[in-house]
Amino acid sequence: MSVDISAQLIQATVQDFSSYFRKLSAERRARPREDLATLIANAKIDGEPISDIAAMGYYIIVAAAGHDTTSSSTAGAIWALAENPSEFAKVKADLSHIPGLVDEAIRWMTPVKHFMRSATADTELGGRGIAKGDWLMLCYASGNRDEEVFEDPFSFRCDRKPNRHVAFGYGAHLCLGQYLAKLEMRILFEELLPRLKSIALDGEVKMTQATFVNGPKKLPVRFEVN
Ligand code: HEM
């Protein structure tokens, strides 16, 4: 796909989202409810209503940020368990490993591959000079395989401790939904694992072709239930 076409597609999608959320915003200003849409619709900064573009930004990120990320991490956990019978046995034998399984799946999959930052001051990192205003690409997937931080970084261990991964980013923009994502995944595995007797891959795994957020597109598995 050419850059032009993909830029047009993104623009059309943002417009689609915006026309949906503009209606929702007007509706929540007229009839406020106890919900996040009402909060965004009526948000003020220094006494002034936030701009339309800021409100649309909030709506779109809240609606979009949790989809491919959480589902890719969940699929990553299934993939890892299907490939690692000893990890499957470990977590089945002691379900208190589930929070560790969730964290490790998020590290292992790292669905958000990168974000950009611009340096606000001259500095040095890993022996390399960074000048104020430089653009930096934060490669979370690479950071999460850093052998100076993680022992045996390419293996999947649901009892990895500590697990200081950066899949949710770092600093002021650290993922707002990280606790929701982990809660959803934990509840799913608490319900699923006691019922699952075995799981194995049953074909080739295919990833979504994307450079920003990706994960398994096709993950054929064979499983038995109790
Ligand atoms: C496993 C699932 C998820 C992963 C891996 C993930 C990852 C990330 C990453 C890497 C960032 C950027 C952090 C930065 O720039 O430093 C981010 C930001 C954000 N995420 Fe998530 N996310 C996940 C789930 C969710 C969910 C479920 C929601 C909400 C429904 C959510 C809402 C947000 C929002 C609102 C931001 C922007 C925060 C800001 O700019 O201050 N995320 N996420």
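Ligands are counted one by one from 1 in listed order, and the atoms in each one are counted from 1 as well. None of these values were measured; they are calculated from a predicted model.
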Ligand-residue contact atoms, ligand 1 with [X], heavy atoms, under 4.0 Å:
{"X": "Ser73", "result": "1 (C)"}
{"X": "Tyr170", "result": "16 (O)"}
{"X": "Tyr140", "result": "10 (C), 14 (C), 15 (O), 16 (O)"}

Residue-level breakdown please: for [X] versus ligand 1, do any non-hydrogen atoms fall below 4.0 Å on the side chain, on the backbone, on both, or on neither?
{"X": "Leu176", "answer": "both"}
{"X": "Ser72", "answer": "neither"}
{"X": "Val112", "answer": "side chain"}
{"X": "Arg117", "answer": "side chain"}

*Got Phe223 and Leu81 here, is their nearest side-chain heavy-atom distance under 4.5 Å?*
no
_Quick check with a 6.0 Å cut-off and a 45 degree axis cone: is Arg107 positioned over the face of Phe150's six-membered ring?_
yes
_Looking only at distances, can you tell me whether any N or O atom of His173, backbone or side chain, sits closer than 3.5 Å to an N or O atom of ligand 1?_
yes
*Please assess Ser155 against Asp152 for the test side chain to side chain donor-acceptor pair (under 3.5 Å), listing each intermediate value before the final yes or no.*
CA-CA 6 Å; Ser155 35; Asp152 203 2; 2.7 Å; yes
_Among Gly169, Gly177, Cys175, closest by any non-hydrogen atom to atom 18 (C) of ligand 1_ = Cys175
_Among Gly171, Ala167, Ala181, closest by any non-hydrogen atom to atom 10 (C) of ligand 1_ = Ala167
*What is the minimum heavy-atom distance between Pro216 and Leu219, and which atoms define it?*
CB-CB, 4.3 Å
